[in-house]
Amino acid sequence: MPSFQTTPGTRDILPPQAGRWREFTRVFASVVESAGFECFVPPMFEELGVFQRLGDATDVVTKEMYDFTDKGGRHIALRPEHTASVCRAFAQHRPTPPWKVWYSGSNFRYEKAQAGRYRQFDQVGIEALGADDPQLDVEVIALGWQFYAELGLRNVQLIINSLGDAGDRGRYVDALEKYFRSRITELSEEAQQTLDRNPLRVLDSKREQDAAVIADAPSISAFLSDDAASHFVAVRAGLDALDVPYVVNERLVRGLDYYRRTTFEYIATSLDNAQNAVGGGGRYDGLVEDLGGPATPGIGFALGIDRTLMACDAEEVFPFGSPVIDVFIVDTVDGTRATALAHSLRQAGFATDRAYEGRSMKSQMKAADRSGAGVAIIIGGTEAEEGTCTVRNLSTSEQTTIPVGELQSHLQSVVGPREPRRRPS
RNA sequence: GUGGUCGUAGCUCAGCCCGGUUAGAGCGCUAGGUUGUGGCCCUAGAGGUCGGGGGUUCAAGUCCCCUCGAUCACCCCA
């Protein structure tokens with residue numbers, strides 16, 4: 001017999017952890033929908049070209065894409081992120097701006113897995129297209145901040161920067177490259193290779209050898225146009241006004257090439273591993289145009305679910321698991337009464353489970369205990385004859401025997417009111 | 001892609017360095033101790049070709065090589 005397991009960089013999210021994931025998404029949706037963002041579900045794969053706009057110099061595009069040719073000869077790629085798909089959708093459907101959407105789903109990048117980094121990884125995020133108002137930047141950044149707060153996280157640091165407009169960015173990259181070339185012998189071998197591909201990314205090196213050279217590198221702030229500079233001032237003033245704490249870090253460069261002006265990252269300071277960036281985003285004015293749409297500004301962020309939950313673990317917050325059921329039925333006669341009773345209780349709105357295979361009462365009671373239900377309903381020979389059932393409170397061990405017809409109203413008083421799943425017509 | 005560490009029951013691990021009778025523990029699971037009652041306790045049971053392949057040896061979980069996988073770091077990024 002062959003045996004299988006998940007392929008590298010993928011894994012099963014089992015219960016109860018999967019219940020926590022679902023709650024995570026629910027809370028996120030609640031936060032961003034309160035700000036007018038609507039749910040958006042793009043396809044999981046697109047034409048390769050949609051994602052090539054992320055940057056020719058990025059590993060995401062050059063080395064990590066899951067691409068293939070489909071049966072129709074199209075060059076397809078599994079999405080490595082959501083932003084490009086949102087922009088493609090905007091260009092395709094031309095919704096009325098501002099278009100504010102949120103999403104939740106898997107992305108795919110062919111990387112070697114490590115803590116908080118998987119080949120299939122899940123993100124939630126928002127994108128707002130069609131307005132370059134700095135107040136929108138503030139709203140987007142503050143919503144991310146608000147979400148972390150609702151999870152219960154305390155040790156999150158917000159880092160912001162401005163990469164300027166396209167021209168500013170170009171001139172800055174030229175200056176950076178010139179500077180790094182002048183001190184190239186002091187850089188690590190890896191940083192020298194990075195310099196050839198993308199001088200901006202050298203700023204991101206974590207090696208000690210590069211630290212001194214990076215510290216003296218020119219700053220982006222000197223290269224910002226008046227428009228970009230005043231935009232950044234307005235963003236910071238807006239964050240100040242909302243009491244959202246942040247740190248300006250002129251070394252913050254985002255991984256994808258489409259970013260312009262405002263960029264930001266949320267760092268979980270409780271995580272000491274290499275993957276402590278739990279979320280990040282920025283402006284990408286120009287991306288929609290690159291994808292064949294009208295010139296459209298845009299801003300958004302994405303949060304890694306794994307990494308954020310790792311931070312929650314580190315801070316011991318957001319302790320959700322699978323939801324628990326209300327009642328557990330123990331039927332020691334033949335199991336058919338449990339089936340009928342469970343059916344009616346579920347319709348009445350009580351989350352109900354039961355035991356199978358005619359196990360002993362002791363065994364079924366153990367199952368009731370493990371289920372987490374607050375109440376066990378016991379049907380043995382006596383109850384079956386009398387048309388009654390015994391209701392046992394599993395935390396107080398008090399129990400009472402009542403006619404089956406009174407069960408639902410009795411449960412209402414024990415486990416609380418429940419709404420019927422289907423209203424009578 | 002590069003390097004370090006590690007793969008023994010469902011889970012967490014001991015045994016490996018110094019090869020030698022039927023490979024262990026805790027938790028979990030199943031059953032019994034209660035003639036109809038969970039959690040605590042006691043008892044018993046099920047469950048492993050020691051990741052896979054090759055080699056050394058009279059003998060390999062234990063030593064060597066390869067391979068697959070996991071993990072951590074670099075790289076990259078969420």
Side-chain angles (χ1 to χ4, degrees), chain A residues 1 3-11 14 54-55 57-64 80-83 105-125 144 188-191 193-194 197-198 201-202 204-210 253-256 264-268 271-281 300-311 328 330-333 355 357 359-384 390-399 401:
Chain A
M1 285 285 284
S3 73
F4 298 103
Q5 59 181 316
T6 50
T7 60
T10 68
R11 76 280 192 229
L14 300 168
L54 307 184
T58 65
D59 282 5
V60 170
V61 169
T62 58
K63 303 196 310 206
E64 299 171 356
E81 56 125 50
H82 276 72
T83 305
S106 293
N107 299 318
F108 305 86
R109 297 182 192 174
Y110 194 90
E111 304 184 87
K112 196 161 170 184
Q114 67 188 72
R117 191 178 80 178
Y118 300 95
R119 289 182 176 177
Q120 177 178 347
F121 64 101
D122 278 65
Q123 290 183 325
V124 295
S188 66
E189 198 174 318
E190 293 87 345
Q193 290 173 4
T194 304
R197 287 178 293 132
N198 189 342
R201 295 227 59 86
V202 177
D204 236 5
S205 169
K206 292 177 181 174
R207 282 172 300 273
E208 288 182 21
Q209 186 188 342
D210 302 321
V253 295
R254 308 271 323 137
L256 304 175
F264 55 97
E265 223 169 70
Y266 302 98
I267 306 292
L271 296 178
D272 56 4
N273 63 39
Q275 271 71 238
N276 65 355
V278 291
F301 66 69
L303 311 181
I305 295 185
D306 288 287
R307 293 183 184 186
T308 304
L309 287 177
M310 283 167 64
F328 191 97
V330 172
D331 175 352
T332 59
V333 183
E357 299 182 323
R359 294 185 187 278
S360 69
M361 171 160 294
K362 174 176 178 141
S363 170
Q364 292 194 44
M365 285 300 294
K366 287 183 77 158
D369 187 54
R370 273 194 299 253
S371 75
V375 171
I377 297 170
I378 301 164
I379 301 172
T382 311
E383 287 88 348
T390 296
V391 180
R392 182 179 178 88
N393 183 318
L394 289 172
S395 47
T396 66
S397 295
E398 293 173 289
Q399 67 180 47
T401 300

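Below, chains carry the letters A, B, ... as their sequence lines are ordered, and counting in each starts from 1. Note that these values count all heavy atoms, side chains included, but never hydrogens, waters or copies made by symmetry. Since the model is a prediction, treat every value here as computed from it, not as a measurement.
- For A:Gln114, no side-chain nitrogen or oxygen approaches OP1 or OP2 of B:U71 to under 4.0 Å.
- Across the C1' atoms, B:U12 and B:A70 are found 16 Å apart, a figure rounded to whole Å.
- Remark: A:Lys362, A:Ser363, A:Met365, A:Lys366, A:Asp369, A:Arg370 in residues 362-372 of chain A come within less than 4.0 Å of RNA chain B through at least one heavy atom.
- At a cut-off of 3.5 angstrom, counting only N and O atoms as typed in the model, there is no donor on one side facing an acceptor on the other between the side-chain of A:Arg201 and the base of B:C77.
- In this model, no side-chain donor or acceptor of A:Glu64 finds a partner on the base of B:G1 within 3.5 Å.
- RNA chain B is contacted by both A:Ile379 and A:Leu303; A:Ile379 maps to the nucleotide lying nearer its 5′ end (nearest heavy atom per residue).
- Considering only side-chain atoms of A:Ser397, the nucleotide from B:G39, B:C75, B:C77 that sits closest is B:G39.
- A:Glu64 pairs by the side chain to side chain contact (heavy atoms under 4.5 Å, CB included) definition with A:Asp59, A:Val60, A:Arg109, A:Glu111, not counting sequence neighbours.
- Neither OP1 nor OP2 of B:G39 sits under 4.0 Å from any side-chain N or O of A:Ser395.
- Which of B:U37, B:G1, B:G32 sits closest to the side chain of A:Ser360 comes down to B:G32.
- The CZ atom of A:Arg359 sits 12 Å away from the P atom of B:C29 (whole-angstrom rounding).
- A:Arg109 contributes no side-chain N or O that forms a donor-acceptor pair with the base of B:C76 under 3.5 Å.
- The side-chain hydrogen bond (donor to acceptor under 3.5 Å, both in side chains) test applied to A:Asn276 returns no partner, not counting sequence neighbours.
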